[in-house]
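The structure appears right after this line, and notes come after that.
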Amino acid sequence: MREAQQEAAAAEALAEVPIGAIVVKDGQIIGRGHNLRESVNDPTAHAEMIAIRQAAKALDSWRLIDCTLYVTLEPCVMCMGAIILARIPHLVYGCRDPRVGAVGSIYNFSTDGRFNHQVQVREGVLQQECSQQLSNFFRQLREQKKQKKKQTS
């Protein structure tokens with residue numbers, strides 16, 4: 001999870017929402033990603049999607065069997081769809097996303113029997129640190145907007 005946090009820090013350095021992800025197989029990182037939605041103007045450029053694409057390329061297969069995805073924030077519907085389609089068996093995430101989380105907060109795609117694949121989930125790993133990183137980012141963003149508004153007034 002510390003590696004995923006480093007990816008989140010890389011996103012934050014680009015003024016992106018600080019979310020990071022890694023894919024691990026046999027103890028080796030085979031995919032990394034951090035949010036790039038703003039940088040590349042792509043709504044699908046989530047940390048998980050980027051890490052999954054890299055891992056699939058590294059394995060030369062879309063099936064990421066025997067892999068674990070670590071992500072700092074609970075995945076959204078799109079990312080959970082990709083996790084299920086990639087057959088990733090294990091997901092570890094830091095903090096919940098009460099707005100769009102699809103692993104228990106709003107939906108729970110991980111255990112939905114209607115899908116052809118279920119995902120074992122471990123939540124709350126470095127929860128405080130992951131949550132604090134996001135809170136700090138959004139606090140700073142609000143402060144910057146306030147300052148901008150004061151300057152234009």
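- Note that CD of Q140 is 11.0 Å distant from OG of S135, once rounded to the nearest 0.5 Å.
- A102 and E74 make their closest contact through N-OE2, 3.5 Å (heavy atoms, listed as atom of the first residue, atom of the second, distance).
- To the nearest 0.5 angstrom, R122 atom CZ is 12.5 Å from Y93 atom OH.
- Taking both residues in full, the closest heavy atoms of C130 and G94 are given as SG-CA, 3.9 Å, listed atom of the first, atom of the second, then distance.
- A distance of 8.0 Å separates CZ of R37 from CD of E16, quoted to the nearest 0.5 Å.
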Scan the side chains in residues 81-92 for donor-acceptor partners under 3.5 Å anywhere in the protein, sequence neighbours excluded, and list what turns up.
{"from": "R87", "atom 1": "NH1", "to": "L85", "atom 2": "O", "distance (Å)": "2.9"}
{"from": "H90", "atom 1": "ND1", "to": "Q120", "atom 2": "OE1", "distance (Å)": "3.0"}

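- Residue pairs that meet the ring-ring contact (aromatic ring centres under 6.0 Å, His included) test with at least one member in residues 22-68, sequence neighbours left out, do not exist here.
- By the 4.5 Å heavy-atom criterion applied to side chains, N35 and P18 are not counted as neighbours.
- Taking both residues in full, the closest heavy atoms of V23 and A51 are given as CG2-O, 3.7 Å, listed atom of the first, atom of the second, then distance.
- Between E48 and C79 the shortest heavy-atom distance is OE1-SG, 3.4 Å.
- Both L73 and I106 belong to a common hydrophobic cluster when Ile, Leu, Val, Met, Phe, Trp and Tyr are linked at side-chain heavy-atom distances under 4.5 angstrom.
- For the pair D112 and Q118, the tightest heavy-atom approach, listed with the atom from each and the gap, is O-NE2, 2.9 Å.
- Scored by the ring pair (Phe, Tyr, Trp, His ring centres under 6.0 Å) test, F115 finds F109 as partners (sequence neighbours excluded).
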T72 and M1: CA distance, side-chain angles, deciding distance, side chain to side chain contact (heavy atoms under 4.5 Å, CB included) verdict: CA-CA 7 Å; T72 57; M1 186 59 79; 4.3 Å; yes
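- More than 12 heavy atoms of other residues, nucleotides or ligands shown are found within 6.0 angstrom of CD on Q132.
- Under the 4.5 Å side-chain criterion, counting only non-hydrogen atoms from C-beta, E123 is in contact with R96.
- V17 and V100 are assigned to two separate hydrophobic clusters, defined by single-linkage of ILVMFWY side chains at heavy-atom distances under 4.5 Å.
- How far CG of L64 is from CD1 of I30: 6.0 Å, rounded to the nearest 0.5 Å.
- Counting side-chain heavy-atom gaps under 4.5 Å among Ile, Leu, Val, Met, Phe, Trp and Tyr, the cluster of L14 also holds L36, V40, I50.
- Taking D42 as the reference, nothing meets the salt bridge (charged side-chain N to carboxylate O under 4.0 Å, His left out) condition, with sequence neighbours excluded.
- Each of M49 and M80 belongs to its own hydrophobic cluster when Ile, Leu, Val, Met, Phe, Trp and Tyr are linked at side-chain heavy-atom distances under 4.5 angstrom.
- With contacts defined as side-chain heavy-atom distances shorter than 4.5 Å, the pair C67/L59 qualifies.
- Linking Ile, Leu, Val, Met, Phe, Trp and Tyr whenever their side-chain heavy atoms come within less than 4.5 Å puts V77 and I52 in one cluster.
- A continuous path of Ile, Leu, Val, Met, Phe, Trp and Tyr side chains, each step under 4.5 Å between heavy atoms, connects V71 with F137, placing both in one hydrophobic cluster.
- V24 meets the side chain to side chain contact (heavy atoms under 4.5 Å, CB included) test with I22, I29, Y70; sequence neighbours excluded.
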